[in-house]
Undergrad: 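I have a structure I would like to understand better, so I am pasting it below and will then ask my questions one at a time.
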Amino acid sequence: MKPILLMLCCWAISFTAFSQTYVLKGRIMAATTNEAVVGANIMVQSQQDSTRKFHTLANASGDFSMNLPGGDYSLQIRAFNYSPMVRTIRLVKDTGLGNIKLTDNVRQLSTVQVQGEKSTLELRTDKKIFNVGKDIVSRGGNANDILNNVPSVSVDMQGNVALRDNKNVKILINGKPSMLTQNNGLAQIPAANIEKIEVITNPSAAYEAQGSAGIINIVLKKNASQGFNAAVQAGLSSPLNNSLNVNASYKTKLFNVFANMGYRDKKLLFVEDIIRTNKKPYNELRQTNQSNLHFDNMNLYLGTDVYLNDQNTITASYYGSKVRNHDANSYLYNYFNVQGTQDSAISRFEKYREPQLFNEVELNYTRTFKQPGRKWTTYLQYDFWHDDENQDIQQSGTTPVNLITRDLESSKDIYLQSDYKLPLKKGQLDMGIRGQWRAIRSEYSAAQDGKLLDDNNNKLFYDENIYAAYTQYSRKWQKLDAQLGLRSELSQIHISDREQTVNKHKQYINLFPTLHLQYGFKNDLSLQASYSRRINRPQFWQLNTFAGLSDQRFLQRGNANMDPMYTHVVELALLKKAGKLSINPGIYYQYTTNYFGAVIEPQADGNFVKTWANMGTENRYGFEMTTTYNPFTWWRLSWDINGYGFSQRGTYAGISYAADNTTWFTTLRSSMRFPKIVNIDGSLTYRGRRQEVQVTVADSYRANIGLSKDILGDRMSVSFSVNNIFNSNIYLQEMDVAEYSLYSRSQQMGVIYTGNVVCRLNRKKGQTDRMPGDK
């Protein structure tokens, strides 16, 4: 009788325990970086009944929470680019698992090892991350070289960055705006300074609303390993692109000091052929330009983290860049009449000098709390820079001319942002405020044969103030993760000049709602849907009514009357991992009002002026897919393809403009790792023919390859890369309308050969640099 009573008691206790519901929660993090693993798939399976399974996804902070009946369970966690984790748990009360760290998805064989290395490309639920340290073909280059190897991103020969072939993209550095992103300043950031590139095609309300194409965030290195460690990188290149970079840090429990110093000496050769034809009356200009560009720059990035205690950290840093541009440009003009006979020839030679000095000071305060996920951060950043553009142009021909120009530009920018993250019983609340104050001054002067040119001596004043506030709420409903946000931005812009020819005051306030949804299915499959409203404010160079006079027959001038354009963005994407294959297909649609673009206008003297203007509307739609495949542990293949179309309709100066086009571009990358022999990276990019508002741009392709080898253990690496293997970096465009036609072919000349050596002191090859804001 007693055994029966004992069994009944045990059964009653067990029934009571397992019939109750308890909370299981934790945070999924990357072991190497301590970053949140967003969208990790969590599956809990009952050990008593294998058919009872519960699923959820990690939110933007890596947190998850589930209500489960008591019992014994098997916990399985999976995420893209990370090894699965399985553990058993007994749930008899509310249980917090704390930080659960996932390791990179790497394997080890007896003859081939890939240890401690992140994959070059990581697919996350809210972004794509390109880890720069493993990109052999860009070593020794700059930020533009890195971006040209990032999926869906391209950089043209003028340094203009595009995402999905859309140049309306916002570029951030360490999550914040920087004047380094203007005037091709990215070319001054060494690749050795960059830790990773984050691509966010449809940002949430926490990000500024500028950039309809999305946001590209460039994250710089800050090492945080205990004690002293350093790395030195030196590179030689042909054509000239020699570099030297030193990265060092020293960390204790109380503080961390980090520094990065670099020097670069670079030359580029550009050749351009242009044919301009006026049809009524007929005449033709055949023009040949050659630009020999030469610049050297020095960079310094240093700072310190002070750990006041476990909850409070202060970071102070300084970034400085000093650049000297000294170029030699030549222009040859041959004029032909209706019979095809040459009438005349003119040649121009330009000496161009432009010293630049950029400074950026940053102060960052981070406060964490005992409550997991609760955090307060405040940033204060001050940029101040100036450059001095000088042109000395000598023209020979029927009428010799000497033209001297100078453009003194300076800017002062203050950026302040404060963000607060608050976990709730059900969901999470994020909120923040931001202010940005910018003052740009541009004083332009020009003299021809010693006499001032009346229309080219002036000073432009540009002041831009932006105030913003946002809030967003995130919550899970079983397999559904939802985030709803709203951002408000007040813009105040004033443009004027010394001669009072321009005086524009503009003020507008806008609301930018965002919605992000993610639903997790079984077998590592998730579906994402998102919506946002974005803005594109004209850039300063698009508003500046003064421009260089290098080529007076094809001038470029800004338009101070331009207004911002607004875009509604909708995206739908899948993330799937099946064994060795990861695939991320998606579709997107963008509707833009008040669209602005470039317009080429003929002048009465037969010359042309390129300007920018608001036109009308644009519909843009596309499909993209990013795929990674590991056929073997030592071989990784990645392929991204983007096909898109657009329809533009509008009018400017009484003329109707329309453009319809569908095109595509794709990149294939291969990465092979044989540590005892050699590592090999290669890429091939193809861009299809496309039609813009007035011009047609021909298709193009580019191929790169790189090899690297570790010697002396982890203490030294040597690499060699060949970029632009087929000398195919060509930009060809054509325009043909009733009154005139234009043909232009530009080419960056030369195959680029680069050799690099990296030496490490107390630092391992796979050691990851600390991200800003992490301890």
Undergrad: Classify the side-chain pair N166/N168 by whether it contains a donor and acceptor separated by less than 3.5 Å.
TA: yes
Undergrad: Less than 4.5 Å apart, side chain to side chain, heavy atoms only: is that true for I189 and N142?
TA: no
Undergrad: With the side chain counted from C-beta on, respond yes when I730 and R745 share a heavy-atom pair under 4.5 Å apart, and no when they do not.
TA: yes
Undergrad: Locate the shortest heavy-atom distance separating P400 from D449; write the atom from each residue and the value.
TA: O-OD2, 4.2 Å
Undergrad: Which pair of non-hydrogen atoms, one from P564 and one from N614, has the smallest distance, and what is that distance?
TA: O-ND2, 4.5 Å
Undergrad: Which heavy atom in S746 sits nearest to a heavy atom in E272, and how many Å separate them?
TA: OG-OE2, 3.3 Å
Undergrad: Nearest 0.5 Å please: distance from the CD atom of Q448 over to the CG atom of L403.
TA: 6.0 Å
Undergrad: What I want to find out is whether R438 reaches D413 closely enough, with some N-O distance under 4.0 Å, to be called a salt bridge.
TA: yes
Undergrad: Does a side-chain heavy-atom distance below 4.5 Å link Y644 with R164?
TA: no
Undergrad: Which distance, rounded to the nearest 0.5 Å, do you find between the OH of Y301 and the CG of N193?
TA: 9.0 Å
Undergrad: Determine whether N559 and Q542 satisfy the following criterion, side-chain contact (heavy atoms from CB on, under 4.5 Å), listing intermediate values before the conclusion.
TA: CA-CA 6 Å; N559 179 2; Q542 294 172 314; over 6 Å; no
Undergrad: Is the closest side-chain heavy-atom distance between F358 and S178 below 4.5 Å?
TA: yes
Undergrad: Scan side-chain atoms only and decide if N536 and S212 contain a donor-acceptor pair under the 3.5 Å cut-off.
TA: yes
Undergrad: Nearest heavy-atom pair of L332 and S347: which atoms, and what distance?
TA: CD1-CB, 4.1 Å
Undergrad: With W612 as reference, evaluate Y595, F540, W541 under the ring pair (Phe, Tyr, Trp, His ring centres under 6.0 Å) test and give the passing residue.
TA: W541
Undergrad: For N390 and D392, which I'm curious about, is there any donor-acceptor pair between the side chains at under 3.5 Å?
TA: no
Undergrad: State whether E464 and R537 are salt-bridged, where the test is any N-O pair (Lys NZ or Arg NE/NH1/NH2 against Asp/Glu carboxylate O) under 4.0 Å.
TA: no
Undergrad: Are more than 12 heavy atoms from other residues, nucleotides or ligands located less than 6.0 Å from atom OH of Y753?
TA: no
Undergrad: For the atom pair CG (D383) and NZ (K412), what is the distance rounded to the nearest 0.5 Å?
TA: 12.5 Å
Undergrad: Do N283 and N278 meet the criterion of a side-chain donor-acceptor pair at a distance under 3.5 Å?
TA: yes
Undergrad: If you measure only the distance, is there a donor-acceptor pair under 3.5 Å linking the side chains of K267 and N292?
TA: no
Undergrad: Would you call R441 and E443 a salt bridge, using N to O less than 4.0 angstrom?
TA: no
Undergrad: Is it the case that E350 and Y331 place a side-chain donor and acceptor less than 3.5 Å from each other?
TA: yes
Undergrad: Are K170 and P177 packed together at the side-chain level, in the sense that at least one heavy-atom pair is separated by less than 4.5 angstrom?
TA: yes
Undergrad: Could you walk me through whether S496 and N503 pass side-chain hydrogen bond (donor to acceptor under 3.5 Å, both in side chains), step by step?
TA: CA-CA 4 Å; S496 62; N503 190 13; 4.9 Å; no
Undergrad: So, N174 side chain and L220 main chain: donor-acceptor pair closer than 3.5 Å or not?
TA: yes
Undergrad: Please walk me through it: do N148 and S154 pass side-chain contact (heavy atoms from CB on, under 4.5 Å)?
TA: CA-CA 5 Å; N148 256 328; S154 62; 4.3 Å; yes
Undergrad: How about NZ on K506, more than 12 heavy atoms from neighbouring residues, nucleotides or ligands closer than 6.0 Å, or not?
TA: yes
Undergrad: Decide yes or no for I275 and E284: does some side-chain heavy atom of the first lie under 4.5 Å from some side-chain heavy atom of the second?
TA: yes
Undergrad: Quick one: does any side-chain atom of S344 pair with a main-chain N or O of Y335 as donor and acceptor, under 3.5 Å?
TA: no
Undergrad: For side-chain contact (heavy atoms from CB on, under 4.5 Å), just list the numbers for L147 and L186, CA-CA rounded to whole Å, side-chain angles, deciding distance to a tenth of an Å, and then say yes or no.
TA: CA-CA 10 Å; L147 289 171; L186 296 179; 3.9 Å; yes
Undergrad: Do N544 and S442 have side chains that get closer than 4.5 Å, going by heavy atoms?
TA: yes
Undergrad: Got a donor-acceptor contact below 3.5 angstrom from the T685 side chain to the T667 backbone?
TA: no
Undergrad: Indicate whether the side chain of E362 and that of Q381 have a donor and an acceptor atom separated by less than 3.5 Å.
TA: no
Undergrad: What's the spacing between I274 CD1 and N289 CG if we round to 0.5 Å?
TA: 5.0 Å
Undergrad: Are a donor atom and an acceptor atom from the side chains of N260 and N299 found within less than 3.5 Å of each other?
TA: no
Undergrad: Just how far is it from atom CG of N729 to atom OH of Y701, taken to the nearest 0.5 Å?
TA: 11.0 Å
Undergrad: Taking the six-membered ring of Y333 as reference, does the NZ or CZ atom of R348 fall below 6.0 Å from its centre and within a 45° cone about the axis?
TA: no
Undergrad: Decide if atom CZ of R324 counts as having more than 12 heavy atoms of other residues, nucleotides or ligands within a radius under 6.0 Å.
TA: no
Undergrad: Quick check: closest heavy atoms across D387 and Q356, and the distance to 0.1 Å?
TA: CB-CG, 3.4 Å
Undergrad: Once salt bridge (Lys or Arg N to Asp or Glu O under 4.0 Å) is applied, what residue pairs with a partner in residues 725-742 remain, sequence neighbours excluded?
TA: K279-D736
Undergrad: State the OH-CG distance between Y444 and D497, to the nearest 0.5 angstrom.
TA: 15.0 Å
Undergrad: With a 4.5 Å cut-off on side-chain heavy atoms, are Y731 and S700 touching?
TA: no
Undergrad: Taking D327 for the side chain and H294 for the main chain, is one N or O donor matched with an acceptor at less than 3.5 Å?
TA: yes
Undergrad: Ignoring hydrogens and angles, tell me if any N or O in the side chain of N242 forms a donor-acceptor pair with the backbone of S237 under 3.5 Å.
TA: yes
Undergrad: Taking all non-hydrogen atoms of both residues into account, name the closest pair between I495 and L460 and its distance.
TA: CG2-CD1, 4.0 Å
Undergrad: I would like to know whether T277 and S741 meet side-chain contact (heavy atoms from CB on, under 4.5 Å); could you show each step before the answer?
TA: CA-CA 5 Å; T277 303; S741 65; 3.3 Å; yes
